[in-house]
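Atoms considered below: every heavy atom in the structure, side chains included; atoms not considered: hydrogens, waters and symmetry mates. Numbers for residues simply follow the sequence, beginning at 1. Each ligand, and each atom within it, is numbered from 1 in the order the structure gives.
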Amino acid sequence: MPGAATNSSVVDMRLCRQRAEGHAAVLAIGTANPANIVPQDEFADYYFGLTNSDHLTDLKDKMKRICHKSNIEKRYIHLDGKIINAHPEIINKDLPSLDARVDIVSTEVPKLAESAARKAIAEWGRPATDITHLIFTTYSGCGAPSADLKLASLLGLRSSVSRTILNLHGCSGGGRALQLAKEIAENNRDARVLVACSELTLICFSPPDESKVVGHGLFGDGAGVVIVGAGPFALGERPLFEMVAASQTTIPGTEHALGMQTKSNGIDFHLSIEVPKLIKENIHQSLLNAFQSVGNMDPNWNDIFWAVHPGGRAILDNIESKLELEPCKLDASRHVLSEYGNMSGATIAFVLDELRHRREKEQGGQPQPEWGVMLAFGPGITIEAMVLRNPVLRNLN
Ligand SMILES: CC(C)(COP(=O)(O)OP(=O)(O)OC[C@H]1O[C@@H](n2cnc3c(N)ncnc32)[C@H](O)[C@@H]1OP(=O)(O)O)[C@@H](O)C(=O)NCCC(=O)NCCSC(=O)/C=C/c1ccc(O)cc1
């Protein structure tokens, strides 16, 4: 029917006008950490002292071995002796402490995100009221309204900002949120998505226990904010990384290996010793899943740049050896691990920030890769992968 054809082409045109031009891009990045710094070579004394556990000498020695092998120099940790004195239930396994923890994190998690967001918004150069969507991800969210609404009011976002909160995605939270931001930005012309990821280990902190010693030895606190948008770009907006394609891969039968659960005394986590090996065995397939949609079925992995979530030194080592990467390829990830530890979902923003600073410093030197990949790993085990492109090189080629 001619009428129907006309109607459907009108709908098509309207849909076209609603969509953005081209792929979404990272437009700005901001990061923040709490003030309290713990050097890694002092962490075992700090942690066993804080929890009155110095008598557990075997476990303390194990913590020292883990810290020594972690390739971490220091971490930022909000929890200190003052908080423990005010809430001694946090270090008593037999007492409920979820309420005390939630009271603290419901204020501090959005506050830390606010510090990171203010830096990102300043770099972006537009007013905060131009943000149309907010995605907040954290493993500390236990209420509603939650950190997303608090952050929106701290920043003075418009009341029509479209908010989403992602809870308990753990170390892949930042990767998941960036994939959603890409979808939103590409499908809504002029959308500007503020992705906030803020993590405080306080919600998971517990006295020493054989099964938790690695988690406590590697995890730190931090917030990362990334502003995402697609074309047409406003005057002054500068795409940093084009977000070309994304995939999520779940490693079958690995639910037991990595997880978090809300309990009366905080968030309980489990972390299998198998995690680095499982990621090694599945990393190639997850990369192929991401790259197949850009028509490159198996690129030379040394020809691209890498933004890998540094879950732990062993994870980076395993990826490097499996894919036969030149050691410099994971430098940004190793640097972030060394300076901050594993800040769970927030870490990927720090890695992207480090990469773009390195790229700026190296401009005019060695030829830089045009294509790259971002990887994050979380409960599932889930591997979030995103194909990235350097917009400056894209325009030259
Ligand atoms: C730096 C490590 C921890 C040790 O280095 P290594 O080269 O493997 O050295 P070793 O093989 O000598 O291991 C040192 C000790 O650590 C022990 N170990 C080695 N992984 C383990 C293990 N998952 N379990 C429990 N013992 C182990 C290992 O058995 C050994 O014990 P011991 O023989 O008594 O010295 C390295 O294994 C490593 O980087 N592992 C990767 C850690 C990892 O999987 N990270 C990503 C998970 S993400 C996640 O779960 C987040 C949770 C979370 C948690 C808290 C929060 O606040 C927020 C979030």
Side-chain angles (χ1 to χ4, degrees), residues 34 38 40 43-44 47 56-73 75-79 90 101 105 109 137-141 167-175 197-222 251 254-263 265-280 282-283 308-321 330 333-334 337-338 340-348 375-384:
V38 184
Q40 188 75 341
F43 180 75
Y47 171 61
L56 302 173
T57 49
D58 285 354
L59 216 46
K60 187 170 173 183
D61 286 344
K62 180 164 174 158
M63 177 63 92
K64 283 186 178 164
R65 290 195 291 281
I66 288 168
C67 287
H68 181 66
K69 292 191 164 180
S70 65
N71 282 10
I72 296 171
E73 284 292 319
R75 288 181 277 157
Y76 295 79
I77 300 177
H78 179 77
L79 184 76
I90 288 178
R101 294 170 194 258
V105 296
V109 162
T137 171
T138 182
Y139 58 69
S140 287
N167 274 324
L168 292 178
H169 282 256
C171 296
S172 56
C197 185
S198 183
E199 308 286 24
L200 289 186
T201 47
L202 191 152
I203 197 87
C204 306
F205 188 84
S206 59
D209 168 325
E210 185 82 33
S211 69
K212 305 274 186 287
V213 74
V214 166
H216 291 314
L218 304 184
F219 286 91
D221 299 347
I251 307 177
T254 59
E255 290 94 325
H256 65 283
L258 195 54
M260 292 170 137
Q261 185 73 47
T262 307
K263 297 265 175 76
N265 46 12
I267 289 187
D268 186 37
F269 65 90
H270 62 271
L271 168 56
S272 157
I273 199 162
E274 302 278 292
V275 170
K277 181 174 137 281
L278 291 168
I279 291 175
K280 180 176 189 167
N282 290 277
I283 196 68
V308 180
H309 167 68
R313 198 215 73 241
I315 293 175
L316 295 179
D317 290 351
N318 279 5
I319 292 174
E320 190 178 290
S321 70
L330 300 185
S333 300
R334 290 192 192 277
L337 181 66
S338 162
Y340 305 94
N342 176 351
M343 297 164 288
S344 196
T347 324
I348 200 67
L375 290 169
F377 322 103
I381 291 175
T382 307
I383 304 181
E384 303 280 1

Is a donor on one side and an acceptor on the other found under 3.5 Å between the side chain of [X] and the backbone of [Y]?
X    : Y    : result
E274 : T254 : no
D221 : H78  : yes
N342 : G311 : yes
H216 : P208 : no
T201 : G220 : no
S333 : V308 : yes
S272 : A257 : no

Tell me the contacting part of [X] for ligand 1: side chain, backbone, both, or neither, using a 4.0 Å heavy-atom threshold, strictly below.
X    : result
K62  : side chain
F377 : neither
L271 : both
H216 : neither
T201 : both
S211 : neither

Against heavy atoms of [X], which atoms of ligand 1 measure under 4.0 Å?
X    : value
G312 : 39 (O)
V275 : 44 (O)
S272 : 23 (N)
L218 : 42 (C)
C171 : 48 (S), 51 (C)

Answer yes or no for [atom]: protein heavy atom present at a distance under 4.0 Å?
atom                    : answer
atom 23 (N) of ligand 1 : yes
atom 41 (C) of ligand 1 : yes
atom 2 (C) of ligand 1  : no
atom 12 (O) of ligand 1 : yes

Polar contact flag for [X] and ligand 1 (N/O pairs, less than 3.5 Å):
X    : result
I315 : no
G311 : yes
N342 : no

Nearest protein heavy atom to [atom], by residue and atom, and its distance?
atom                    : result
atom 50 (O) of ligand 1 : L258 CD1, 2.7 Å
atom 34 (O) of ligand 1 : R65 NH2, 2.9 Å
atom 51 (C) of ligand 1 : F219 CZ, 2.7 Å
atom 55 (C) of ligand 1 : F269 CE2, 3.4 Å
atom 15 (C) of ligand 1 : I66 CG1, 3.8 Å
atom 37 (O) of ligand 1 : A314 CB, 3.8 Å
atom 7 (O) of ligand 1  : R313 NH2, 2.6 Å
atom 28 (C) of ligand 1 : I273 CD1, 4.1 Å

For this session: Show your reasoning for whether salt bridge (charged side-chain N to carboxylate O under 4.0 Å, His left out) applies to E320 and R334.
Result: CA-CA 11 Å; E320 190 178 290; R334 290 192 192 277; 2.9 Å; yes
For this session: Would you sort out whether D268 and K212 count as a salt bridge (charged side-chain N to carboxylate O under 4.0 Å, His left out), showing the intermediate values?
Result: CA-CA 9 Å; D268 186 37; K212 305 274 186 287; 3.0 Å; yes
Problem set entry | Atom pair CD1 (I279) and CD1 (I319), whose distance is rounded to the nearest 0.5 Å | 6.5 Å
Problem set entry | Cation-pi check, R75 onto Y340 ring (under 6.0 Å, within 45° of axis) | no
Exercise. Charged N to carboxylate O under 4.0 angstrom, R313 versus D317?
Worked result: yes
For this session: Identify the residue among Y47, F219, F269 that makes a ring-ring contact (aromatic ring centres under 6.0 Å, His included) with F205.
Result: Y47
For this session: Give a yes or no on whether H68 atom NE2 has more than 12 heavy-atom contacts from other residues, nucleotides or ligands under 6.0 Å away.
Result: no
Problem set entry | Worked verdict on K62 versus E210 for side-chain contact (heavy atoms from CB on, under 4.5 Å) | CA-CA 9 Å; K62 180 164 174 158; E210 185 82 33; 2.8 Å; yes
